[in-house]
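Given the structure is predicted, the values throughout are model-derived calculations rather than measurements.
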Amino acid sequence: ERNATKNERKQFERDVVYYMKENIAILNLFINQPCVRKIKSDIAYTTEELIANLGGILGLSIGASVITLFEILWHIFLFLISSLNFGRRNKSPKKLSSL
C-alpha cells in the first residue's frame, strides 16, 4: 500500500515536470540603460500659514477667534484671583468682641 502511494507520487512529479517542460516559457529581459527618476515632494507650512489655517478651522467649526481665547483665559485668571482672595479672607483671624 505504501509503495503504491510512493509510485503514484513519483508519477505525479514526473507528470508535473513533463507539463512544465512542454508549457512553460522562459523570458529574459535586458535593459540597456536603466533610468530611475526620483521625485521628492515636501509640503511645508510656514508659521504664519499654520496659525492662519488653525484660526480659520477654529473660526468655522466653533466660532472661536484669538480674542475669544484671550477672553476665556482672562476669565479663568479672574476666577483664580478671586478664589485666592476668598481663601485668604476666610483664613484671617477673627477679632474677639470685648465684654
Side-chain angles (χ1 to χ4, degrees):
E1 191 172 298
R2 292 182 104 191
N3 288 335
T5 57
K6 283 183 182 179
N7 290 336
E8 288 174 0
R9 187 181 64 201
K10 286 184 181 182
Q11 182 61 39
F12 177 73
E13 288 175 358
R14 278 187 242 129
D15 291 342
V16 169
V17 170
Y18 175 76
Y19 179 81
M20 289 175 63
K21 284 181 182 178
E22 295 295 319
N23 296 309
I24 299 293
I26 297 174
L27 180 64
N28 294 320
L29 294 176
F30 298 99
I31 301 172
N32 290 335
Q33 295 178 355
C35 178
V36 176
R37 181 179 296 172
K38 186 177 181 180
I39 300 173
K40 182 180 178 184
S41 63
D42 206 11
I43 301 173
Y45 277 103
T46 64
T47 306
E48 294 85 10
E49 289 174 336
L50 181 64
I51 292 171
N53 285 336
L54 289 176
I57 291 169
L58 287 174
L60 286 174
S61 61
I62 61 173
S65 65
V66 175
I67 295 172
T68 307
L69 295 175
F70 280 124
E71 286 176 350
I72 291 170
L73 292 175
W74 176 252
H75 287 290
I76 290 171
F77 175 74
L78 290 178
F79 173 76
L80 292 174
I81 295 297
S82 65
S83 62
L84 287 175
N85 286 338
F86 181 73
R88 287 184 187 168
R89 276 190 257 144
N90 286 341
K91 292 180 182 176
S92 61
K94 295 182 179 179
K95 294 181 182 178
L96 296 174
S97 59
S98 58
L99 295 170

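Considering E13, R14, M20 in turn, M20 is the only one that fulfils the side-chain contact (heavy atoms from CB on, under 4.5 Å) rule with V16.
Hydrophobic cluster membership is shared by I81 and L78, with clusters built from Ile, Leu, Val, Met, Phe, Trp and Tyr side chains linked at under 4.5 angstrom.
Within a 6.0 Å sphere centred on CD1 of I67, heavy atoms belonging to other residues, nucleotides or ligands number 12 at most.
Taking the ring-ring contact (aromatic ring centres under 6.0 Å, His included) definition, one finds that F70 meets it with nothing, sequence neighbours left out. Residues that satisfy the side chain to side chain contact (heavy atoms under 4.5 Å, CB included) test with I76, not counting sequence neighbours, are I72, L80.
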Which pairs of donor and acceptor atoms, one on a side chain in residues 50-61, lie under 3.5 Å apart (sequence neighbours left out)?
{"residue": "N53", "atom": "ND2", "partner": "E49", "partner atom": "O", "Å": "3.3"}
{"residue": "S61", "atom": "OG", "partner": "I57", "partner atom": "O", "Å": "2.8"}

